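Structure, as structure tokens:
Naming convention: chains lettered A, B, ... in sequence-line order (proteins, then strands); numbering from 1 in each chain. A quick note: this is a predicted structure, and the numbers were derived from the prediction, not measured.
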Protein chains: 2
Amino acid sequence: MTRTRQAVLALLQRTRHPISATEIFEQLHQEKVAIDLVTVYRTLHVLKDLGLVLQLDLHQEGLARYELKEGREHHHHIRCQICGQIEDLLLCPLKKITKLIEQRTQFIVDDHTLEFTGLCPQCQ
Amino acid sequence: MTRTRQAVLALLQRTRHPISATEIFEQLHQEKVAIDLVTVYRTLHVLKDLGLVLQLDLHQEGLARYELKEGREHHHHIRCQICGQIEDLLLCPLKKITKLIEQRTQFIVDDHTLEFTGLCPQCQ
DNA sequence: TTCTTATTGCAAGTTTATTGCAATTACCAT
DNA sequence: ATGGTAATTGCAATAAACTTGCAATAAGAA
Ligand SMILES: [Mn+2]
Ligand SMILES: [Mn+2]
Ligand SMILES: [Zn+2]
Ligand SMILES: [Zn+2]
């Protein structure tokens, strides 16, 4: 754990919303932390492998976002189509349906992704 | 509707699985249809705007796939993590949960994406 | 046919992310 | 502390998917 990696981890800790590599890079530079964008990518990769960070690939965004895992349970997200705000949905309605899908398709289901989009209260 | 566009549409009609722009390009070239990759992208854009084609952005694929809309209802997909096979799931378990999410978050929910991944019968 | 507009191909550009490699840094044993 | 070794970093180049500018071509209407 170098100070560079700790800076990225600390930023993720104080950031409430899922953040992209470029946003981490820009934020750290504003805070006078010299770090290359490549290093941000590599650090995120490491943190992901360590199980400290989750990577989110939200629909239609074309970039990856990251959030601290930190004991958080499996959950999903909702994103405002106007302002881009992303909020946690601390629920998963898919446990029962997964079994139905396994029966119907004969697949073994490993994982799923679920995401809602809409208008947040401020943008309505 | 030029013959180029009809060739893309016809390929989508005879293809059973969601297909990417590059795959369309390569398949048409094998069939001796001269078409630029840029034209494939622009054609898919047009067909999407006409409501004839659906764009899918499956998780972790990093590319868009397209399928004929053709009266098909709203549905979701399951993809095999080994062979990449994609199968339709002709169901949507999210109608009720959407109302719950609107109540909890005060968002107006416009849309959702849902995708399952796992192992298909052949790859198990 | 002729005129006008839409479509196409080629080249170049964007964006997000990855890779090669040499320079630097951190860490461990002495 | 010091030196050696391996991990980490920055820079430059590369990759992959997709988009844009623009001139050439093709389609469709009069
Ligand atoms: Mn979250
Ligand atoms: Mn489908
Ligand atoms: Zn879930
Ligand atoms: Zn649905």
**Q.** Five-pair end axes of the helix from C:dT1-D:dA30 to C:dT30-D:dA1 and the angle they enclose, rounded to 10°
**A.**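 Taking five pairs per end, the axes differ by 30°.
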Dump every N/O contact between nucleotides 2-9 of chain C and the protein below 3.5 Å, one line per pair.
unit_1: C:dT7; atom_1: OP1; unit_2: B:R5; atom_2: NH1; d: 2.6
unit_1: C:dT7; atom_1: O5'; unit_2: B:R5; atom_2: NH2; d: 3.4
unit_1: C:dT8; atom_1: OP1; unit_2: B:T2; atom_2: OG1; d: 2.8
unit_1: C:dT8; atom_1: OP1; unit_2: B:T4; atom_2: OG1; d: 3.3
unit_1: C:dT8; atom_1: OP2; unit_2: B:R5; atom_2: NE; d: 3.4
unit_1: C:dG9; atom_1: OP2; unit_2: B:D36; atom_2: N; d: 3.0
unit_1: C:dG9; atom_1: OP2; unit_2: B:T39; atom_2: OG1; d: 2.3
unit_1: C:dG9; atom_1: N7; unit_2: B:R42; atom_2: NH2; d: 2.9
unit_1: C:dG9; atom_1: O6; unit_2: B:R42; atom_2: NH2; d: 2.8

Length of the [atom1]-[atom2] vector between [X] and [N], whole Å:
| X | N | atom1 | atom2 | result |
| --- | --- | --- | --- | --- |
| A:E61 | D:dC18 | CD | C1' | 17 Å |
| B:F25 | D:dA16 | CZ | C1' | 14 Å |
| A:E23 | C:dT16 | CD | P | 10 Å |
| A:L44 | D:dT8 | CG | P | 14 Å |
| A:D57 | D:dA17 | CG | C1' | 15 Å |
| A:L50 | D:dA7 | CG | C1' | 14 Å |
| B:H45 | D:dA17 | NE2 | C1' | 15 Å |
| B:K48 | D:dT19 | NZ | C1' | 13 Å |

(Q) Can a side-chain donor-acceptor contact be found between B:E26 and B:Q30 if the only test is distance below 3.5 angstrom? (A)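 Per modelled atom types, B:Q30 and B:E26 side chains form no pair under 3.5 Å.
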**Q.** Between B:E23 and B:H17, a side-chain donor and acceptor under 3.5 Å
**A.** no
**Q.** Min side-chain heavy-atom separation A:Q60-A:Q81 under 4.5 Å
**A.**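 SC-SC contact between A:Q60 and A:Q81 ruled out.
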Q. Below 4.5 Å, heavy atoms only, C-beta onward: do B:K69 and B:L52 meet side chain to side chain?
A.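 The answer is no; the side chains never approach within 4.5 Å.
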Donor-acceptor pair, side chain of [X] and main chain of [Y], under 3.5 angstrom:
| X | Y | answer |
| --- | --- | --- |
| B:D36 | B:V38 | yes |
| A:H76 | A:L114 | yes |
| A:Q124 | B:Q106 | yes |

Q: Can you establish whether the number of heavy atoms outside A:R14 located under 6.0 Å from its atom CZ is more than 12?
A: yes
Q. Is there a side-chain polar atom (N or O) of A:Y41 under 4.0 Å from OP1 or OP2 of C:dA17?
A.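 The answer is yes; a side-chain N or O of A:Y41 sits under 4.0 Å from OP1 or OP2.
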Q. Should A:R65 and A:E115 count as an ion pair when the cut-off is N to O under 4.0 Å?
A.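 Salt bridge absent between A:R65 and A:E115.
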